[in-house]
Protein chains: 2
Amino acid sequence: MTLPRSTPPEPHPQPPETPQRHPGGRRPGENRTREQILDAARECFAERGYDATSVRRIAETAGVDQALVHHFYGTKEKLFLNALEIPLRMPEALAEAAAGDRVGLGSRIVLAHLRVWEDASARPAMMTTLRSAATHRSAAAVLRDYAKGSIREALGKVITGEDVELRIALIATTLIGLSLTRHLVRLDPVPDTSPQELAARLGPVIDLYLDPVPPAA
Amino acid sequence: MTLPRSTPPEPHPQPPETPQRHPGGRRPGENRTREQILDAARECFAERGYDATSVRRIAETAGVDQALVHHFYGTKEKLFLNALEIPLRMPEALAEAAAGDRVGLGSRIVLAHLRVWEDASARPAMMTTLRSAATHRSAAAVLRDYAKGSIREALGKVITGEDVELRIALIATTLIGLSLTRHLVRLDPVPDTSPQELAARLGPVIDLYLDPVPPAA
DNA sequence: GTCTATAAATAGATAGAC
DNA sequence: GTCTATCTATTTATAGAC
């Protein structure tokens, strides 16, 4: 796993989703409040970024008192670091897309990337990371590790030749740029273009970076 | 000119750089304070974004009192809108790059884009726009208008065929993504790669979008 | 044009009752 | 675990002297 290992310094003792036997650990069924707060935080951070989101607003969104946020997460910063945890779905999806045939690989990578972004359960954390990456060091660090990590994990064995590091970074740049104009800056008509059409346009770009032989022209 | 016409609503009566004859307008030599404040604002906004930049900090950077910032610009928001004014150099550079031969066009576009970003006098405003685009509506609007505007102005006559709007937007996406990973997120090794190598890698990508015939694969 | 002083709102964070 | 109440710092912005 190549994910945000460096950033979220806190272990997070989360009660299990379903109440069950607890061989020594934290008692289950305690309350879902902690996770409600985290979900609310992701929602707010995703929508407005770190600075413009107040602890009070997060508490209100979660339907709890402001003091509870500090009770569970200590500081706004620590809560934010927890909110940055990007779901494993993206690296998994990319790896799965990379497994198949070499033909159409770039297109499948783009489609996998877009599919994860459409996933409502995965989006808030990714949106939080992307939106805050420009103004928050930790978010930028997570984005760096995550983007290159998942792509290297998926394409490390496929991509060979010169300047491998640069080409991986440029694939990441392509996908990050796409998410930026599609979901954040909303550069018309990117947000309204179908995944299929985007894959048709961007797939060959990824393939270009994957090809060890630079194009003749 | 296709630049931020929609966003900076304020006219900006700036005294000329060099004291000279003034046929009716504002008296020159009044003081450079107003521009010092604007420069300081760009510097601060570029470095930390809108929210994390306080009026006090801008004043300190400019070496003036905080009240002066409000005296000249009214509110922090209005000052920010002024700071977003992107220099004309970028659309000019892109147009110049587009003027030449069709061969190597993509590469020249990338080089022109990179060259303007290296320009110390142009960077703060662009950095301000890019950094704040994710969290500030006006900055996002300026980035949208500016990116598509300058590219359409430069390449409008060259780019033909299907999905012209989308392809223009994707060229903008490519260049914005590059600036993001090179100057903001600093995705290794993009920040340390020479303009020539980046142009060699990204030029063919731009050419791909310029080509009315989609690639065979 | 430039400053001091301060208003008014909001921020993150904590103490302590229940 | 959850809440009330509050502290302290910082923010944008303004009024008014010089």
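As the structure is a computational prediction, the values presented were derived from the model and not from experiment. As a basis for the values below, the full set of heavy atoms in this structure was taken, side chains included, without hydrogen atoms, waters or symmetry mates.
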*Round to a whole Å and report the spacing from NE2 of His71(A) to P of dT4(D).*
15 Å

*Looking at the side chain of Ala67(A), which of dC3(C), dT2(D), dC3(D) is the nearest nucleotide?*
dC3(D)

*Reported NZ-to-OG1 distance for the pair Lys76(A) and Thr53(A), which is rounded to 0.5 angstrom*: 6.5 Å

*Nearest whole angstrom, please: distance from the C1' of dA7(C) to the CD of Gln66(B).*
12 Å

*Over 12 non-hydrogen atoms of neighbours within 6.0 angstrom of CZ in Arg123(A)*: yes

*Measure from CD on Glu60(A) to P on dA11(C) and round the result to the nearest Å.*
11 Å

*Would you say a side-chain N or O of Thr33(B) is under 4.0 Å from OP1 or OP2 of dG1(C)?*
no

_Would you say His70(B) places a side-chain N or O within less than 4.0 Å of OP1 or OP2 belonging to dT14(D)?_
no

*Using atom OH of Tyr73(B) as one end and atom P of dG1(C) as the other, report the distance to the nearest whole Å.*
11 Å

*Could you summarise the pairing of DNA chain D as dot-bracket text, marking Watson-Crick and G-U pairs under 3.5 Å with ( ) or [ ] inside the strand and | across strands?*
|||||||.||||||||||

*Expressed in angstrom and rounded to an integer, what is the separation of Gln36(A) atom CD from dG1(D) atom C1'?*
13 Å

*asked:* With a 4.0 Å cut-off on N to O distance, would you call Lys148(B) and Glu165(B) a salt bridge?
replied: yes

*asked:* Using whole Å, what does the distance between atom P of nucleotide dT2(D) and atom CZ of Arg32(A) come to?
replied: 12 Å

*Mind calculating the distance between CD1 (Ile58(A)) and P (dA13(C)) to the nearest angstrom?*
11 Å

*Fit a plane to each ring of Trp117(A) and His183(A), take the angle between them on a 0 to 90° scale, and name the class: parallel (under 30°), tilted (30 to 60°) or perpendicular (over 60°).*
parallel

*What is the distance from CG of Asp65(A) to P of dA15(C), rounded to the nearest Å?*
16 Å

*Under 3.5 Å, side chain of Arg34(B) to main-chain N/O of Tyr73(B), donor-acceptor pair present?*
no

*Got more than 12 heavy atoms from elsewhere within 6.0 Å of CD, Glu60(B)?*
no

_Residues in contact with DNA chain D, drawn from residues 43-55 of chain B - heavy-atom cutoff 4.0 Å_ = Thr53(B), Ser54(B), Val55(B)

_Reading DNA chain D from 5' onward, which residue's closest nucleotide shows up sooner: Leu68(A) or Arg56(A)?_
Leu68(A)

*With no hydrogens and no angle check, is any side-chain donor or acceptor of Arg201(B) less than 3.5 Å from a backbone partner on Leu208(A)?*
no

*Are the side chain of Arg131(B) and the backbone N or O of Glu47(B) linked by a donor-acceptor pair below 3.5 Å?*
yes

*State, with a plain yes or no, whether a side-chain heavy atom of Phe80(B) is found less than 4.5 Å away from one of Ser132(B).*
yes

